[in-house]
A.B. asks: 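Dropping a structure here in structure tokens format, bear with me for questions.
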Amino acid sequence: MPVLIPEDYVADLSVRLSLYRRLADLDTDEAIDNFGRRTARPAFGRCCRTRCAYLFKVAAIKGYCRRANVREGRCRAEGGP
């Protein structure tokens, strides 16, 4: 599952990095959703929300962690402690 803005949407690396930085600064679900609606969708079309879905989910999780003062976390594909 890709967690990125597809290169075919934004070929210019500096623009793509700028979008990643803007998204990384967002802390709430509402702000992330607005970013998707007001920035990504108009620029790249409706399918951006689908192709970038995991990117937006990861941004939301990072926002939850910042608000909860979580500094580090680990996930295992197989689950468990």
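Treat the numbers as computed from the prediction; the structure is a model and nothing was measured.
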A.B. asks: Please identify each residue that fulfils salt bridge (charged side-chain N to carboxylate O under 4.0 Å, His left out) with Arg66, with sequence neighbours left out.
C.D. replies: Asp27
A.B. asks: With sequence neighbours excluded, what pairs up with Asp25 under the side chain to side chain donor-acceptor pair (under 3.5 Å) test?
C.D. replies: none
A.B. asks: Write down the atom of Asp29, the atom of Ala60, and the distance for their closest heavy-atom approach.
C.D. replies: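 Closest heavy-atom pair between Asp29 and Ala60: OD1-CB, 3.6 Å.
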A.B. asks: I'd like to check the side chain to side chain donor-acceptor pair (under 3.5 Å) partners of Tyr20; sequence neighbours left out, ordered by chain and number.
C.D. replies: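 If we apply the side chain to side chain donor-acceptor pair (under 3.5 Å) test to Tyr20, skipping adjacent residues, there are no hits.
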A.B. asks: Once side-chain contact (heavy atoms from CB on, under 4.5 Å) is applied, do any residues pair with Arg21, and if so which ones, sequence neighbours excluded?
C.D. replies: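 Counting only residues at least two positions away or on another chain, Arg21 forms a side-chain contact (heavy atoms from CB on, under 4.5 Å) with Leu17, Ser18.
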A.B. asks: The criterion is salt bridge (charged side-chain N to carboxylate O under 4.0 Å, His left out); which residues satisfy it with Glu30, sequence neighbours excluded?
C.D. replies: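 With neighbours one apart ignored, the set is empty.
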A.B. asks: So, taking the atom named CZ in Phe56 and the one named CD1 in Ile5, what distance separates them when rounded to the nearest 0.5 Å?
C.D. replies: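 Spacing of CZ (Phe56) from CD1 (Ile5) equals 7.0 Å.
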A.B. asks: Give me each pair satisfying salt bridge (Lys or Arg N to Asp or Glu O under 4.0 Å) with a member in residues 4-20, each pair once, sequence neighbours excluded.
C.D. replies: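 Of all non-adjacent pairs touching residues 4-20, those that pass salt bridge (Lys or Arg N to Asp or Glu O under 4.0 Å) are Asp8-Arg51.
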A.B. asks: Starting from the C-alpha separation in whole Å, work towards a yes-or-no answer on side-chain contact (heavy atoms from CB on, under 4.5 Å) for Phe35 and Leu19.
C.D. replies: CA-CA 10 Å; Phe35 177 85; Leu19 291 170; 4.0 Å; yes
A.B. asks: If hydrophobic clusters are built by linking Ile, Leu, Val, Met, Phe, Trp and Tyr wherever their side-chain heavy atoms come under 4.5 Å apart, do Leu26 and Tyr54 end up in the same one?
C.D. replies: yes
A.B. asks: Taking it one step at a time, do Leu23 and Ile32 satisfy side-chain contact (heavy atoms from CB on, under 4.5 Å)?
C.D. replies: CA-CA 7 Å; Leu23 185 57; Ile32 293 165; 4.3 Å; yes
